[in-house]
Amino acid sequence: MISQLLNKTDFFPRTHLAALIGCSVLVLFVSLWPTKSQSVVVEIQSEIYLPEATEEIEKNPLFAVTETVKTGDTLSTVFERSGAGVSLLYSLIQSDEIKSPLEKLFPGQEFVFSFDESGLLHSVTFNESKTVSYTISFDDQRTASIDKLVKTPEIHTRYAKATINDSLFLAGMNAGLTDNMIMKLATIYGWDIDFALDVRAGDSFSLLYEENYLDGEKLSDGPIIAARFLNNGREITALRYTDESGRTDYYDPTGDSMRKAFLRTPLDVFRISSNFNPNRKHPVLNKIVAHKGTDYAAPIGTPIKVTGDGKVVKAYYSATYGNVAIIQHGEGIRTLYAHMNEFSKYARSGNRVKQGQVIGYVGKTGRVTGAHLHYEFQVHGVHKNPQTVKLPNAQPLEKEYLDNFKTYAANMSGQLGVYDEAYAQSDMPIINLE
């Protein structure tokens, strides 16, 4: 059919035939031209080729064996269980650099042993904590070396605020704070607020604090950066500050340390069974006998803490006071701890003791009606009410750092105020500041 068509072209002159072919090409070109709403990109390769088929061959393919340390495990049992062998372990611990981290074995710790297909050990990876891990590697001569990897947690800043209706702990829990964070708050304010006696319904607190995160999960609580406590009409602000010498402490906005030279109370858990009273009627003798201290009722065996640094001048048994210890502090101050069930190892005459160390344990020795601690606070021989005596401040911020601190304090106090306002508007206990 095509040959017949070509034969028919002989009826047309050559010029007519050329014109016909040219018009046909033009019509085809126009028909393929894109409209304004289209775009066409055509790429023509000068050469077309197919890549050669290649087979990927993994050099020294490895397989891993993971061993989790169980209670009672030793390094020998872990290495033996993995298939690495005890003899290899013995060669590794010849190096002190490798031996030291290896020996920090604990239940739940993971060891990952990587072997090649012939069973030759290539590396051992193990964790010391969530942020620290080690890898022991072998070179071609089978010489071992160890590398330490430290992951830096991300720091997230949080804000929380709460009003106290029952107790500090319940308020803190309702605000989403951990027990650890509530204890940090109580420790900062423990010098100024007796949480057993001074807290009133309606008191409130707010704080900026940090949390440490690793791989998107919370790792631990960080420090409290700034806090404000409204207690029975008092506003007490605490700011965490590190001076240029590297010393970190909590200060009020004027630069005075939040720490005092003495703890307000020597017990963590107690109730006051008898207050300081010069005109008290004695419960046993049934006559007026001055009560020169405060009685803190608590279960037998409750630890009793030294309220300030000092020296034990006496630790003995008295028919009246039972087991009693007397500590001499600076500036003519003495504290007395009586009716103890037993002394601690620090309660020896002449011993130096630090604030917070346990001096003994609550008991009911001596002339008593029940288990309690009798605590006295004397200044130059004069008995003072332990609950109300003004406690001396610890060392304030050095003057050379004071100007920088005041600028910092104004900034942080202002930030805390802004978040307090934001909280009042949002009514949210916790605000993520990221």
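A side-chain donor from one of His122 and Asp116 sits under 3.5 Å from a side-chain acceptor of the other. Under 3.5 Å, the side chains of Asn351 and Arg348 contain no donor-acceptor pair of N or O atoms. There is no side-chain donor-acceptor pair under 3.5 Å between Asn180 and Thr178. For the residue pair Asp295 / His374, a side-chain donor-acceptor distance below 3.5 Å is found, with atom types taken as modelled. Remark: the Thr135 side chain and the Asp147 side chain contain no N/O donor-acceptor pair separated by less than 3.5 Å.
Residues meeting the side chain to side chain contact (heavy atoms under 4.5 Å, CB included) test with Arg240, sequence neighbours left out: Pro223, Thr248, Tyr250. Applying the ring-ring contact (aromatic ring centres under 6.0 Å, His included) test to Phe270 and every residue at least two apart in sequence or in another chain returns Tyr296. When the ring-ring contact (aromatic ring centres under 6.0 Å, His included) test is applied to Tyr134, the partners found at least two apart in sequence or on another chain are Phe126. Residues satisfying the side-chain hydrogen bond (donor to acceptor under 3.5 Å, both in side chains) criterion with Ser349, sequence neighbours excluded, are absent altogether. Judged as a salt bridge (charged side-chain N to carboxylate O under 4.0 Å, His left out), and not counting sequence neighbours, Glu342 has no contacts.
Ring orientation note: the planes of Phe377 and Tyr375 are nearly perpendicular, at an angle over 60° on the 30°/60° scale.
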Yes or no on salt bridge (Lys or Arg N to Asp or Glu O under 4.0 Å) for Arg234 and Asp192, after CA distance, side-chain angles and deciding distance? CA-CA 10 Å; Arg234 297 183 299 160; Asp192 295 283; 5.3 Å; no
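Remark: Leu373 CG to Thr294 OG1 distance equals 9.5 Å, nearest 0.5 Å.
For Asn411 (side chain) and Gly414 (main-chain N/O), no donor-acceptor pair under 3.5 Å exists by modelled atom type. Side chain of Ser344 to main chain of Val358: a donor-acceptor pair is present (N/O by atom type, distance under 3.5 Å, no hydrogens or angles).
Residues His339 and His372 form a side-chain contact, since some pair of their non-hydrogen atoms from C-beta on lies under 4.5 Å apart. Contact check for Asp243 versus Glu400: no side-chain heavy atoms found under the 4.5 Å cut-off.
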Side-chain donor-acceptor pairs of residues 311-323 under 3.5 Å, sequence neighbours excluded:
| unit_1 | atom_1 | unit_2 | atom_2 | d |
| --- | --- | --- | --- | --- |
| Ser318 | OG | Thr320 | N | 3.1 |
| Ser318 | OG | Tyr321 | N | 3.2 |
| Tyr321 | OH | Glu376 | OE2 | 2.7 |
| Asn323 | ND2 | Met340 | O | 3.0 |
| Asn323 | ND2 | Asn341 | O | 3.3 |

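Under a cut-off of 6.0 angstrom, the local environment of OH in Tyr90 is sparse, with at most 12 non-hydrogen atoms contributed by other residues, nucleotides or ligands.
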